[in-house]
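Have a look at the structure below before the remarks.
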Amino acid sequence: PAVTGTSTNTSPPLSGSITVFAAASLTGTFTELAKRFEAKHPGTTVNLSFAGSSELVTQLTAGAPADVFASADARNMARLTAAGLVDGEPVDFATNTLEIVVPPANPASIATLADLARPGVKTVICQAKVPCGSATVAVEKAAGVTITPVSEELSVTDVLGKVTSGEADAGLVYVTDVKGAGARVKGIPFSESGTAVNTYPIAALTASARPAVSAAFVRFVVGAIGRSVLAAAGFGAP
Amino acid sequence: MVAVAAVGALFVLLPLAAMATRVDWANFLALVTSESSVAALLLSLRTSVAATALCVVLGVPMALVLARTTFWGQRLVRTLVLLPLVLPPVIGGIALLAAFGRQGLLGHTLELLGIRIAFSTTAVVLAQTFVALPFLVLSLEGALRVAGTRYEAVAATLGARPTTVLRRITLPLVLPALLSGAVLSFARALGEFGATLTFAGSLQGVTRTLPLEIYLQRETDPNAAVALSLVLLVVSVAVVALTLRTVPGPAGAP
Amino acid sequence: MVAVAAVGALFVLLPLAAMATRVDWANFLALVTSESSVAALLLSLRTSVAATALCVVLGVPMALVLARTTFWGQRLVRTLVLLPLVLPPVIGGIALLAAFGRQGLLGHTLELLGIRIAFSTTAVVLAQTFVALPFLVLSLEGALRVAGTRYEAVAATLGARPTTVLRRITLPLVLPALLSGAVLSFARALGEFGATLTFAGSLQGVTRTLPLEIYLQRETDPNAAVALSLVLLVVSVAVVALTLRTVPGPAGAP
Amino acid sequence: MTLAFSASLAARGFDVTLDVARGETVAILGPNGAGKSTALEIIAGLLRPDSGHAEWDGTALFRLDGGPRGAWLPPHRRGVSLLAQDALLFPHLSALDNVAFGPRSAGVGTDAARATARTWLAEVEASDLAAVRPGRLSGGQAQRVAIARALAADPNLLLLDEPLAALDAAVAPTIRRMLRRVLEGRTAIVVTHEVLDALTLADRVVVMNRGVVVETGQTREVLERPRHPFTAELAGLNLVLGTRTAGGMAADWGELVAPAASIVRGAAVAAAIRPSAIEVSLEPLPGRDNSVPVTVIDLEPRGDSIRVRADSLSADVSPGRAAALDLAPGDRVFFGFDGEDVSLYGSERPSTLR
Amino acid sequence: MTLAFSASLAARGFDVTLDVARGETVAILGPNGAGKSTALEIIAGLLRPDSGHAEWDGTALFRLDGGPRGAWLPPHRRGVSLLAQDALLFPHLSALDNVAFGPRSAGVGTDAARATARTWLAEVEASDLAAVRPGRLSGGQAQRVAIARALAADPNLLLLDEPLAALDAAVAPTIRRMLRRVLEGRTAIVVTHEVLDALTLADRVVVMNRGVVVETGQTREVLERPRHPFTAELAGLNLVLGTRTAGGMAADWGELVAPAASIVRGAAVAAAIRPSAIEVSLEPLPGRDNSVPVTVIDLEPRGDSIRVRADSLSADVSPGRAAALDLAPGDRVFFGFDGEDVSLYGSERPSTLR
Ligand SMILES: Nc1ncnc2c1ncn2[C@@H]1O[C@H](COP(=O)(O)OP(=O)(O)OP(=O)(O)O)[C@@H](O)[C@H]1O
Ligand SMILES: Nc1ncnc2c1ncn2[C@@H]1O[C@H](COP(=O)(O)OP(=O)(O)OP(=O)(O)O)[C@@H](O)[C@H]1O
Ligand SMILES: [Mg+2]
Ligand SMILES: [Mg+2]
C-alpha cells in the first residue's frame with residue numbers, strides 16, 4: 001500500500017477501460033472512486049456493475065467479463081478464488097459492523113440490542129444464510145439475546161427498506177447503511193457489534209484484458225483516496 | 001413459418017431443459033423435502049389459491065365493466081389497471097407499502113380498524129393479487145369483446161334478467177378465457193417474488209413463499225435452488241396442463 | 001357488480017397513486033435526468049423495442065402453429081412455451097445461463113463461433129424476449145382460436161394462397177390482439193428485472209436497464225428510485241394508451 | 001291499440017310510426033336495407049333510436065322525446081321476443097336447452113321448461129335434434145330451433161325476422177301452418193320477403209322503403225291494389241301510375257283504357273294488371289282495348305308459364321305460345337289486354353298511415 | 001364430364017356421387033339437413049370426406065380411396081369459388097375490397113381489381129354500398145355483396161349455397177336474371193329451396209335427402225314427373241305412388257283412374273296431379289273419373305286461390321268457391337278429378353343416377 005506515489009511516475013500512462021463488479025453496498029463509494037480514478041488516469045474508463053456479492057460471483061463463474069471484483073464478504077471471494085478466477089491474493093480494503101436501525105422517531109424506544117427481543121417490537125433481521133444474517137447470529141450469540149423477528153429478509157437492503165418505510169420498529173443493518181440512509185433513519189450503536197466484523201476484500205481477476213489498469217484500480221481503492229472515501233461512507237479500516 | 005415457430009419454441013424450451021440438466025438428481029429428494037422447502041411450497045400453494053380466488057372475485061366484474069360499459073376516462077382506467085403487468089414487482093411492492101403500509105395512505109385507517117397487514121400472510125396474498133389481477137382482467141375482457149353482445153341481446157329478448165344473462169350466457173361463453181385467465185393468474189401468483197419481498201417480508205411458514213426460498217437457497221446452495229425451481233416448474237406445468245385439459249377450446253367454434 | 005369492479009380498480013389504482021405522493025417533486029427533474037438514469041432509460045427503450053420485435057417475429061408463427069395445426073404433444077409444447085410467465089424471473093435467468101452461458105449447453109458451440117451472449121446487450125434482449133414471448137403467443141393464439149377459420153376458408157375458395165390468406169385475412173382479423181400482445185410484451189420487457197440481472201448483469205449503458213437502475217438507486221437513494229419508477233410507469237402508460245388508441249376494438253364487432 | 005310505436009334513427013335514415021292492435025299480426029315487407037330489421041331491433045330494445053316513443057298496453061317501452069318523462073325499459077322487461085335474421089342459437093347449449101331458455105328465464109323449473117321445449121321442438125319438426133349442439137345443425141335446422149325458442153318464451157309481443165327464409169319446401173308449409181295457429185290471437189310482427197307469408201300469417205301489412213313506411217293496410221287490400229312499385233313486384237302485379245282521364249288513365253307511355261270508376265278526372269290513379277291477363281303478340285292487337293308496344297327485356301321460365309318482362313309491363317305466356325313467338329330479349333312486341341283486366345284505384349296514399 | 005365427384009362422410013350420413021358436365025349448371029334441391037351444404041363444402045375443399053374421389057377436368061381434387069395415389073388439392077388451387085349459406089364477408093374490408101379480393105388473389109393489380117369489383121357490385125345493384133363495411137349492411141345487402149365477390153373471383157366451378165335466400169322481391173328477379181346470364185356457359189352448382197331458381201338457372205337438378213341423392217334429371221322432367229314426395233312438394237304437385245292396374249293405378253287409399261300409358265301392369269308407378277285440376281265438393285262427384293274422400297287438414301290462402309291441404313292430396317280452389325264451401329280443418333270432403341289430369345309414369349328410379 002505504500003507504493004502508490006512512485007508507480008505512476010515509472011509506468012507508461014494507463015489507458016483502456018475495465019469493468020469492476022462490486023457488492024451493492026459499495027454503489028455510492030465505488031461510483032465516486034471510479035470517477036476519481038478516471039480523473040487521475042485520463043484515458044481510462046471504469047465500468048461498474050453492482051449486485052449482491054453472491055449474485056456477482058454466480059455471474060462471474062458463468063463467464064461474465066470483468067476485471068476487478070470487490071466483495072462484501074470473504075466467503076463469496078473464497079468461492080471465486082476456488083473457481084480459479086482470482087488473480088493473486090485478494091486484499092481486504094474495508095470493514096463494516098452492524099448497527100441497530102430505527103425510524104427517526106424510534107417508536108419502540110429501542111436503546112440496546114436486548115430491546116430488539118422485547119415482545120411487541122417488530123424487528124426485522126437478515127436471514128442467517130445471507131452475510132448480514134450470519135453477522136446477526138454472531139452478535140445475538142455474543143449478547144445472549146434471541147430475537148424473534150417478524151421477517152428474515154434476504155438482503156440488508158430489504159431490512160433497511162422495512163425500517164425506512166416504517167413497517168418495522170427496528171432492524172439490524174450495517175453502519176454504512178445507516179449512514180447512507182441519512183435522516184430517514186436513526187442508528188443506535190451497540191457494544192456487541194464488534195464481535196461480528198465484516199471484511200470487504202477486493203481482487204483483480206485472471207480474465208482481465210487490462211491487468212495493469214485492474215491492478216492500479218485495486219491499489220487505488222486500497223490507497224489513501226480509497227480509504228478516505230470509504231471512511232466518509234462509514235466503512236472501517238481493515 | 002413452422003421453422004420460425006420451432007426456433008421460437010426452442011428458444012423457450014432449451015433454457016428449461018438446460019436447467020433440468022443442472023439438477024443434482026442424487027440429492028433431489030432430500031433437497032426438496034427439507035422442512036423449509038415444504039413449508040415454502042405449501043405456503044405458496046395456499047396463498048396462490050387465495051390470490052387466484054381474489055383475482056376472480058375482483059377481476060370478473062372489472063372485465064365486465066370494462067368490456068360492457070362505456071364511461072368517461074375508461075381508456076385511462078383500463079391502462080392503469082393493466083399497469084402492474086409492466087411495473088417491476090419491487091416497485092409494485094413499494095407502491096403497495098405506500099398504500100397499505102403502516103405509514104401508507106390507508107395505514108392509519110387500517111390500524112384503527114385493528115387490521116395489520118404487513119408481515120402477514122395476508123400481505124403475501126395482496127401482493128400476489130396485485131401482480132396477477134391484470135392477467136385475469138386482460139384475458140377476460142378480450143374474450144368478452146370478441147364474443148360480442150349478440151347472444152346476450154337475444155337472451156334479454158327471451159326475458160332473461162341481466163343476472164341470468166350473466167350466469168347462463170355470458171360466463172359460459174367466456175368460460176375458456178376465464179379459466180385460462182385464472183390459470184395465468186395462479187401461475188403469476190405462484191412465481192411472484194419482488195413485490196412479496198418488499199411488501200410482506202420473508203418469514204418461514206408465514207411470508208416466505210417458494211420463490212423467496214429459492215432465492216435464499218441460492219445464496220448457499222445453488223443445487224437446492226435449481227431443484228426447487230424445478231418443483232415450482234412442475235407444479236405450474238401440472239396446473240396449466242390440468243386446467244387446459246378441461247377446456248375444449250373456444251365455445252362455439254365451428 | 002360495478003361496486004366490486006370499483007373495489008378491484010381501487011385496489012390497483014390506490015397503490016399507484018400512493019406511490020405518486022411519495023415522489024420528491026422538487027428534485028424530480030434532477031433525479032430523472034442524471035446521466036445514469038438517462039442511460040438506463042435509453043437502454044431500456046432500445047432493448048425493449050428489440051425484444052418486442054423478436055417476440056413478434058418468433059411469436060406470430062408460434063401462435064399460428066399452435067392455433068391452426070394439430071400435432072402430437074401440442075398441449076405439452078403449449079404449456080411449456082407459456083412457462084416463462086410462471087417462472088420467477090431469476091430462475092429464468094438461471095435457465096438462460098444454463099443454456100447460453102459460457103458453461104451452458106450451447107456455450108461451447110457459441111464460443112467456437114465467436115459469439116458471446118451473456119452479459120452483453122444481446123443478453124438483455126434475450127432475457128426480455130424470454131419473459132415477454134408468452135404474452136404475445138398467448139393473446140394471439142386466443143384471438144386466432146376465437147376468430148376461427150371460416151373467413152380463411154372463404155378466402156381460400158376465392159383463390160388466395162396461404163400466404164395471401166395470412167397477410168390479407170388472418171393477420172388483419174387478429175390485428176387488435178397482435179397489437180395488444182405486442183404492447184404487453186413491450187411492457188413486460190420494459191419492466192423485466194430478475195432475469196436480466198442474472199443473465200446480463202448490471203453494467204451502465206450496456207446491461208443496466210431502468211428497472212435495474214431503480215433497484216440500485218433504491219439501495220442508496222429511494223427518492224430517485226421512486227422518481228424513476230414513475231418515469232417507467234408513465235412511459236408504459238404512454239405506450240399502452242397510444243397503441244390502444246389506434247385499435248378500435250375487435251375488428252368486425254357488431 | 002296495444003303497441004304504439006314511433007321512432008327515428010338518423011344513422012340509418014329510419015323514421016317510422018307503427019301501431020299494432022292486440023291480437024293482430026302485422027307483416028313488414030320491403031326491399032333490402034329498408035329498415036325492417038332496424039324496426040324490430042328498436043322495438044325489442046336492442047337498438048336505441050335518436051328520438052321517439054313506444055307504448056305497449058299503456059306501459060312505456062321507451063320515451064325519448066327530450067321531455068321530462070324520458071324512459072327506457074330494458075329488453076328483458078319488455079315481454080318482447082325477437083327471432084333475429086340469423087338464428088343466433090346459444091352455442092354452448094343443446095337445441096333443447098336453447099328452447100328451454102325462455103321458460104327457465106321466466107322462472108320455470110328445469111324439468112318443466114324442458115318439457116315445454118320438447119313440445120315446441122316437436123312443433124317445428126325438430127324433435128330429433130333436441131340433444132344436438134348448434135354447431136352441428138344445418139342452416140334450416142338451426143332456423144327451426146330458433147323459431148321454437150322464440151315461441152317457447154311465450155312473449156306478449158312476438159317479433160319474427162324472416163322466420164321461414166332458410167326452410168325447405170317440405171317443412172315450410174308445416175311451420176307456416178304452425179305459425180298461423182300460434183299467432184292466432186297473439187300480437188306479432190313478421191318481417192318477410194314472401195307474399196305467401198304475408199297472406200297466411202298477417203292481418204295487415206306495412207310496406208317500408210328507405211327507412212319509412214310507404215304503404216299500409218289490410219293484407220289483401222294492399223296486395224291487390226298496390227300503390228308502390230315494390231309492393232306490386234311482390235304481389236306479382238303490373239303497376240301503372242298516372243292520372244285519371246275520361247276513358248281510363250294517362251301513363252308516361254300513353255293512354256290506357258280502363259273501366260269506369262268513380263274517380264274524378266285529373267286525380268292520381270294507379271292501375272294493377274295481372275301478367276296472366278296480358279296477351280303477347282308480334283303484331284298490334286286491335287281487338288284488345290289496350291295494345292302497348294314494348295321491348296322484351298327478359299324471359300323467365302316459371303312453373304306452368306313463362307314470364308315475359310318488358311320495359312314497362314310483364315306478361316305471362318304459356319310455354320307453347322312462347323315457343324311460337326320465339327321471343328328473345330330486345331324484341332319489340334305488343335302487349336294486349338282489355339279494360340276489364342285493369343283494376344283502377346286512387347294512388348294517393350291515405351293521409352294518415354295507420 | 002368435367003366434374004366427377006363421389007364422396008362419403010359418415011359423421012353426417014353423407015354418401016353422394018355427382019357429375020357435372022362442362023358449362024352445365026346443376027341445382028341441388030332437398031330438405032333441411034339433406035347434406036346440400038356438405039356437398040359444396042367437400043367440393044370446395046373445406047371439408048374432408050372419409051373416402052371418395054373427385055376429378056375436375058382430369059385433375060384430381062382429392063382421392064381418398066386408400067389407394068397409393070391419394071391426393072388432396074388445397075382449396076385455393078381448386079379454382080372453385082363457394083358462396084356459403086351465410087355471407088361471411090371479411091369484416092375488416094369494405095364491400096368493394098371484399099369483391100376485389102378474388103381478382104387481387106389472382107394477381108391482378110389493386111386498381112384493376114377494384115374496377116372489376118365495381119362492375120360486379122353494379123351487377124348486383126349494390127354500387128352505392130362500395131365503401132360500406134360489412135357490419136353496417138343489412139342481411140340482403142350483405143348477401144348481394146357476397147354474390148358479387150364469388151363471381152368476381154372468376155372461378156372454373158362456381159358453388160352457390162342459397163344465393164337468393166335473403167334477397168327482396170324487387171331485386172331477386174334482377175339478380176336471378178344476372179345469374180342466369182353469368183352462369184351461361186359456366187359450370188356451376190346451385191343449392192336452392194326455390195323451384196323458380198332451379199327452373200331459371202339450372203340445366204339439371206339433383207334432389208337430395210338424408211345425405212343421399214334420391215332423384216336427378218333434366219330440371220323440367222324432374223319437376224313435372226317427381227318420384228320423391230319432397231320433389232313433388234317443391235314442384236307444387238300431388239304425388240301418388242302405387243302399382244299399375246288395368247284402369248290406372250292402385251294407391252294406398254284405393255284405385256285411381258288414369259289415362260292409358262305404356263306401362264306394364266304391376267309395375268311401380270307414380271301419378272302427378274296439379275292441385276288446380278282438383279275440384280272440391282261436399283258431396284261425392286260421380287261425374288269425375290276420380291272422386292276421393294279426404295279429410296281437410298288446413299287451408300292456405302295464396303295469391304289468386306286457396307290451397308286446401310287434405311290427408312292424401314291438396315287442391316286449389318278459388319276464394320269464392322272456398323267461401324261457398326265454408327271449409328274448416330277436420331271437414332270430410334271429396335276431391336274430384338279426371339283421368340286426363342293424372343300424369344302417370346314409372347316410379348322406378350333410373351338404375352344409375354347420373
Ligand atoms: N350496424 C349498422 N350501422 C349502420 N347502418 C346500418 C347497420 N346495420 C344496418 N344498417 C343500415 O341501415 C339500413 C336498414 O338496415 P336493416 O338491417 O334494418 O334493413 P332490412 O330492411 O332488414 O334489410 P334486409 O331485407 O336486407 O334484411 C340499411 O341501409 C343498412 O345499410
Ligand atoms: N359441423 C357439423 N358437425 C356434424 N354434423 C353436422 C355439422 N354440420 C351439419 N351437420 C349435419 O349434417 C347434415 C347435413 O347438413 P348440411 O348443412 O349439409 O345440410 P343442408 O342440406 O345444407 O341443409 P339446409 O337446407 O338446412 O342448409 C345435417 O344433418 C346436420 O345436422
Ligand atoms: Mg333485415
Ligand atoms: Mg345448408
Side-chain angles (χ1 to χ4, degrees), chain B residues 1-2 4-5 7-9 11-16 18-19 22 58-59 61-62 64-65 75 77 79-88 90-91 94-96 98-99 104-105 130 133 145-146 148 150 184 187-188 190-191 193-194 211 214-215 229 233 236-237 240-241 244 249-250 253-254, chain C residues 1-2 4-5 7-9 11-16 18-19 22 58-59 61-62 64-65 75 77 79-88 90-91 94-96 98-99 104-105 130 133 145-146 148 150 184 187-188 190-191 193-194 211 214-215 229 233 236-237 240-241 244 249-250 253-254:
Chain B
M1 200 191 70
V2 173
V4 180
V7 168
F11 175 63
V12 174
L13 300 184
L14 202 69
L16 299 176
M19 201 178 65
R22 292 291 158 93
L58 295 176
M62 286 167 77
L64 283 167
V65 168
R75 177 171 297 155
V77 169
T79 310
L80 288 175
V81 163
L82 299 184
L83 266 189
L85 278 176
V86 184
L87 231 47
V90 174
I91 313 286
I94 296 179
L96 282 170
L105 273 185
F130 183 75
L133 187 57
R145 285 190 184 277
V146 170
R150 303 189 315 158
L184 284 179
R188 180 67 187 81
L190 201 60
F193 170 75
I214 292 173
Y215 192 84
S229 305
L233 214 142
S236 312
V237 170
V240 173
L244 294 185
Chain C
M1 200 190 71
V2 173
V4 181
V7 168
F11 175 62
V12 174
L13 298 184
L14 203 69
L16 299 175
M19 199 178 65
R22 293 290 157 98
L58 295 176
M62 286 166 77
L64 283 168
V65 167
R75 176 170 298 154
V77 169
T79 310
L80 288 174
V81 162
L82 299 183
L83 265 190
L85 278 177
V86 184
L87 232 44
V90 175
I91 313 283
I94 298 179
L96 281 168
L105 270 186
F130 184 76
L133 188 57
R145 286 191 183 275
V146 170
R150 303 190 313 159
L184 283 179
R188 180 68 187 85
L190 202 59
F193 168 75
I214 292 173
Y215 190 77
S229 304
L233 217 144
S236 312
V237 171
V240 172
L244 293 185

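We name chains A, B, ... by the order of the sequence lines, and we start the count at 1 in each one. Heavy atoms only: backbone and side chains are in, while hydrogens, waters and symmetry mates are out.
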Completion exercise
The interface call for B:Val2 against chain C, heavy-atom contacts under 4.5 Å, is both
Problem - Gap separating the CG atom of B:Leu233 from the CG atom of C:Leu80, nearest 0.5 angstrom - result: 8.0 Å
Handout entry: Region of C:Leu14 that comes under 4.5 Å of a non-hydrogen atom in chain B
Key = both
Handout entry: Residue part contacting chain C, namely of B:Leu96, when any heavy atom lies under 4.5 Å
Key = both
Handout entry: Option that, when pairs with chain C are counted at under 4.5 Å, heavy atom only, ranks first among B:Val65, B:Val77, B:Val4
Key = B:Val4
Fill in the blank from the handout: Under 4.5 Å to a heavy atom of chain C? For B:Leu133 that would be side chain
Exercise for the section: Return the option, out of B:Ala95, B:Gly191, B:Ala99, with the maximum number of heavy-atom pairs under 4.5 Å with chain C. Expected result: B:Ala95
Exercise for the section: Sort out for me which residue in C:Ser229, C:Pro211, C:Pro15 forms a side chain to side chain contact (heavy atoms under 4.5 Å, CB included) with B:Ile91. Expected result: C:Ser229
Handout entry: Best-contacting candidate, B:Pro61, B:Gly194, B:Gly104, against chain C by heavy atom pairs under 4.5 angstrom
Key = B:Pro61
Exercise for the section: State, with a plain yes or no, whether a side-chain heavy atom of B:Val7 is found less than 4.5 Å away from one of C:Leu58. Expected result: yes
Handout entry: Heavy-atom closest pair, residues C:Leu16 and B:Phe130
Key = CD2-CZ, 4.4 Å
Completion exercise
Most heavy-atom pairs under 4.5 Å with chain C, out of B:Ile94, B:Leu83, B:Leu105, belong to B:Leu83
